[in-house]
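Letters go in sequence order (proteins before strands), and every chain restarts at 1.
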Amino acid sequence: MNEPQREAVMHKDGPIMIIAGAGSGKTKVLTTRITHLMAAHEVDAFNILALTFTNKAAAEMKERIGKILGNSEARNLYVGTFHSVFARILRGEAGKIGYPSNFTIYDTDDAKSVVKTVVKEMELDEKQYKPNIVYNRISSAKNALVGPAEYINDYTLQQEDARSNRPMIGQIYDAYAKRCFKNGAMDFDDLLFKMYILLKNNADSLSKFQRKFKYILIDEYQDTNPAQYEIIKLLGAMHENVCVVGDDAQSIYSFRGATIANILQFQKDYDDVKVVKLEQNYRSSKTILNVANEIISNNKDQIEKRLFTDNGEGEKVKLVRTMTDNDEGKYVSDTIKEFKLRNHFFNKDFAILYRTNAQSRSFEESLRRMGIAYRIYGGMSFYQRKEVKDFVAYLRIVINPKDEEALKRIINYPIRGIGKTTIDKAVLFANENNISMWEVLNNAARFGFKSGTLESINNFVIMIRMFQSELDKKNAYDLAVIVGKSTGIVKDLFNDKTTEGLARYENVQELLNSIKEFIETPMNEEDGEVGDKGLGSYLQQIVLLTDSDDDKENSDVVKLMTIHAAKGLEFPVVFVGGLEETLFPNAMSINTREELEEERRLFYVAITRAKSNLFLTYSNARYRFGQLQQNDPSRFIDEMPEAMIDRSYAGTVARNNAGSGWNQGSAAERMQRGFAGSSDAGRAEKQYGAPPTKKPALPSYAIPKPQASKTAEHTPSADFVPSDTSNLQAGQKVEHQKFGFGEVLKMEGAAHNPIATVNFETNGEKKIMLNYAKLRILE
DNA sequence: TGTCTGGATGTTTTT
DNA sequence: CATCCAGACA
């Protein structure tokens, strides 16, 4: 019954909204529609705009279309992420909003650095206005299309900032925006924000792109934020051939401003929206799909959907409890090994998913120990590595000398005697005279720099000027080679024979290769207009790349990534780790129903990545912030249908049936219960201040659980006996610690090394064995 | 100006 | 635990 629905969507003109469940082949619908438009309706590739949220999704889409219609056709499509497509458009139209076409794109680190600079210059308290917090606030404003002036004049925003004791954020925002503009730079959010400004304020640009994009297609529509929404609305206004595909149940990017309100609004914005629901899942077993359905049904905010599948029943979902995070890693690696032997699976059939990047460590260690090939996605991208960014900073300054962040980064790298004091002075002069730092350096003598410093500055300026003059004669690759040689960076790295030095050298070589590849790859036929083969274009592309983009699709490795990064992917066997309170759902996201429901959607996404086997793991204790911390099992575990869960590895019966656990007793009782009795309350009070006298009536989902007790110095009780100290070296001192509901020995040894096995007694019967206790060195 | 070091501080999630 | 930074010293 899905097929006619799909068919209806292929040819039709006009606004279309496809609400499609997980595993229903969303992206395929989009690509098929594109090929139909091009083949059957003779729509020119130039007139089709397809927007995705990851480069990978865009690349796959292009590849599929290329296979059907030929690569030369596919190349001319505007397929890409919102950010990269808009960057490309803005490059061509930059002059209209006062930017150079070679504007720099600041990544998050650059942007935070600018925030920091601005806060410092405004002589505000840097503790109070932490770059992270301020930047996030600015980011949210931009995603909601709120500019600095509007921000400062908005009563509610000002109230919020005043309440959080950061009343100057509006002013910082204003100064930040001005500084970015002065630097000829846009941050990630600007790529959306400025795109909107461009279309809003320039009728000719708007009309040009409205005419151009006869068909607009958007993947993962539930992830769009207001800025993206308004841009699409403007772009699509002429032809109204906007086709969006999304799944409200997979909306997991609200921190980026995404709102499912966009799905609801879409239907109101156009007269006759064709709405199609795709509810058949082609990916997962019945069991897995049912668990997913059950989980998501706990959410209040959702569009009614019930996914079904013709796939087989499949195996039960395995729930696994371990003692520590290291055991969790070990269990997963063991299971992978066993699966490979028994069922002839390959490494690439497995994915390990988790809530936070930090969780990858224990999995990584155990996989390495077992000799299983793996790859971690996410974390730092290639272009964020220090050595690569340093090199790129040189290229940035050649292309856009106003780029102060790049300049500050490399002016003294390699060390050439231009220190902090000199830099501060140069920036100050630049601000006072309203010119760029680069211009100050160009006239260093006039600004009073003397002797050694002056000479260093002049030599630096001459070198950069030389690069700039080469820019006209040489291609991007040759220029980069010259930069590498003249600065001595490459030689320095080459001479560093440490392992890391070697890796750094290789990374820079790889950077050079990537530049070469860039200039040799044929691109879109249409945009000769802004020199898309140039270094400037290259630099604008690479900031938008993440490390999942250079994917060697067929390499046989186990894949490790966050759940966010796994969206849109599928794997035969999926492990989801860390199903613990404060981790998943994350402690940061349990304060409102909306937040908690997003965590639940995240869990839903995790479950629906699996085709045939799903393992959910959690551990009693794990290292966080360098300390062993103990967590309750995730509340999501109890939301799953009992009949489909195999708990034989969890060592517990369902808590609902056990007659004990958090779900028992009155709300007040539950709120008072604690791990270690009254002492916790006292500690909590110290840490967080006295509780409010009158507690608001909280709905059940918001009941605060007691904080897991942290380890702290502790005198051992009289009857405490360490069960095994056989690995303890002579002369090593030990100290007792209270930990969670028990006691443990702390002793000398490097982190993570299993130097001792320690049992500890807990309330009455429980005995817990820590195999890999991370034990601190004491003198 | 550059380098070393102890103490503070921090972990959601990403283009 | 890892990273960052201010302040001390070469």
Side-chain angles (χ1 to χ4, degrees), chain A residues 51-58 80-87 105-109 111-113 116 126-127 130-133 136 139 142-143 186-193 220 223-225 227-228 251-258 353-361 377-381 383-384 386 412-424 452-453 456 540-549 561-567 578 582-590 595 598-599 601-603 605-606 622-629 750-752 774-777:
Chain A
L51 297 171
T52 64
F53 277 82
T54 64
N55 288 299
K56 196 170 173 231
T81 64
F82 280 86
H83 292 268
S84 68
V85 168
F86 293 167
I105 299 173
Y106 280 164
D107 67 16
T108 314
D109 289 337
K112 281 179 189 165
S113 168
K116 211 174 153 186
E126 290 175 63
K127 296 269 184 295
K130 290 189 181 130
N132 241 323
I133 294 170
N136 284 335
S139 173
K142 284 186 187 168
N143 285 328
M186 297 193 198
D187 64 20
F188 286 148
D189 304 309
D190 281 331
L191 295 176
L192 309 180
F193 189 54
E220 308 280 16
D223 291 334
T224 52
N225 61 34
Q228 288 158 325
S251 168
I252 54 175
Y253 278 104
S254 69
F255 69 92
R256 223 160 58 179
L353 309 181
Y354 34 77
R355 175 69 235 269
T356 66
N357 282 305
Q359 285 168 260
S360 65
R361 200 219 74 228
Y377 291 79
M380 208 187 314
S381 98
Y383 297 98
Q384 283 175 298
K386 187 188 173 302
N412 203 28
Y413 172 81
I415 291 164
R416 49 173 73 88
I418 305 177
K420 198 174 174 308
T421 324
T422 311
I423 297 174
D424 286 350
T453 308
S456 304
Q540 286 178 349
Q541 291 302 307
I542 59 170
V543 243
L544 299 171
L545 256 32
T546 60
D547 75 338
S548 14
D549 296 328
M561 63 186 90
T562 64
I563 299 165
H564 282 92
K567 193 155 68 113
T582 74
L583 230 202
F584 194 16
N586 195 277
M588 308 292 288
S589 308
I590 49 172
E595 282 175 353
E598 177 146 323
E599 292 287 299
R601 290 194 292 270
L602 199 51
F603 187 42
V605 169
R622 72 173 58 236
Y623 287 100
R624 284 232 271 176
F625 308 101
Q627 287 213 294
L628 200 50
Q629 185 190 316
H752 305 309
K774 184 169 59 175
L775 302 160
R776 204 165 70 84
I777 296 177

- Task: Check the angle between the aromatic planes of A:Phe255 and A:Tyr253 and answer parallel, tilted or perpendicular using the 30° and 60° thresholds.
- Result: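 It falls in the tilted class, 30° to 60°.
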
- Parallel under 30°, tilted from 30 to 60°, perpendicular over 60°: which one fits the rings of A:Phe53 and A:Phe82?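 Tilted: the ring planes of A:Phe53 and A:Phe82 meet at 30° to 60°.
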
From the options [options], select the nucleotide whose nearest atom is closest to the side chain of [X].
| X | options | value |
| --- | --- | --- |
| A:Thr422 | B:dT14, B:dT1, B:dT12 | B:dT1 |
| A:Thr562 | B:dT15, B:dT12, B:dT13 | B:dT13 |
| A:Lys116 | C:dC5, B:dT14, B:dT11 | C:dC5 |

What's the [atom1]-[atom2] distance between [X] and [N], to the nearest Å?
| X | N | atom1 | atom2 | result |
| --- | --- | --- | --- | --- |
| A:Lys420 | C:dC4 | NZ | P | 16 Å |
| A:Ile563 | B:dT14 | CD1 | P | 11 Å |
| A:Asp187 | B:dT15 | CG | P | 15 Å |
| A:Tyr413 | B:dT1 | OH | P | 20 Å |
| A:Asn143 | B:dT14 | CG | C1' | 11 Å |
| A:Asp424 | B:dT1 | CG | P | 10 Å |
| A:Lys127 | B:dG7 | NZ | P | 16 Å |
| A:Glu598 | B:dT14 | CD | C1' | 12 Å |

- Query: Say you draw a straight line from OG1 of A:Thr546 to OH of A:Tyr383; how long is it, rounded to the nearest 0.5 Å?
  - Reply: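 The OH atom of A:Tyr383 is 11.0 Å from OG1 of A:Thr546, to the nearest 0.5 Å.
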
Check every strand shown and say whether [X] touches a base, only sugar-phosphate, or nothing at a heavy-atom separation below 4.0 Å.
| X | answer |
| --- | --- |
| A:Lys567 | nothing |
| A:Ile415 | sugar-phosphate |
| A:Ser84 | nothing |
| A:Phe584 | nothing |
| A:Phe53 | sugar-phosphate |
| A:Asn412 | sugar-phosphate |
| A:Thr421 | sugar-phosphate |

[N], OP1 or OP2 - any side-chain N/O from [X] closer than 4.0 Å?
| X | N | answer |
| --- | --- | --- |
| A:Lys130 | B:dT9 | no |
| A:Asn132 | B:dT11 | yes |
| A:Asn357 | B:dT14 | yes |

- Query: With nearest nucleotides of DNA chain B determined for A:Asn586 and A:Phe188 from heavy-atom distances, which residue corresponds to the more 5′ nucleotide?
  - Reply: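 Checking each residue's closest nucleotide, the 5'-ward one belongs to A:Asn586.
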
- Task: For A:Ile423 and for A:His564, find the nucleotide of DNA chain B with the closest heavy atom, then tell me which residue's nucleotide is more 5'.
- Result: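 In this pair, the answer is A:Ile423.
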
- Compare the aromatic ring of A:Phe255 with the six-membered base ring of B:dT13 and state whether they stack according to the 5.5 Å and 30° rule.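 Yes.
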
- Message: Side chains of A:Ile252 and A:His564, heavy atoms from C-beta outward: is any pair under 4.5 Å?
- Response: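 SC-SC contact between A:Ile252 and A:His564 confirmed.
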
- Query: Ignoring hydrogens and angles, does a donor from either the side chain of A:Arg355 or the base of B:dT13 sit under 3.5 Å from an acceptor on the other?
  - Reply: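 When only heavy-atom distances are counted, A:Arg355 does reach the base of B:dT13 through a donor-acceptor pair under 3.5 Å.
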
- Using atom types as modelled and distance alone, determine if a side-chain donor or acceptor of A:Ser456 lies under 3.5 Å from a backbone N or O of A:Arg416.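 Checked: pair present.
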
- Task: Identify the residue among A:Asp187, A:Asn136, A:Asn132 that makes a side-chain hydrogen bond (donor to acceptor under 3.5 Å, both in side chains) with A:Lys112.
- Result: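 Going through A:Asp187, A:Asn136, A:Asn132 one by one, the side-chain hydrogen bond (donor to acceptor under 3.5 Å, both in side chains) with A:Lys112 is satisfied by A:Asn132 alone.
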
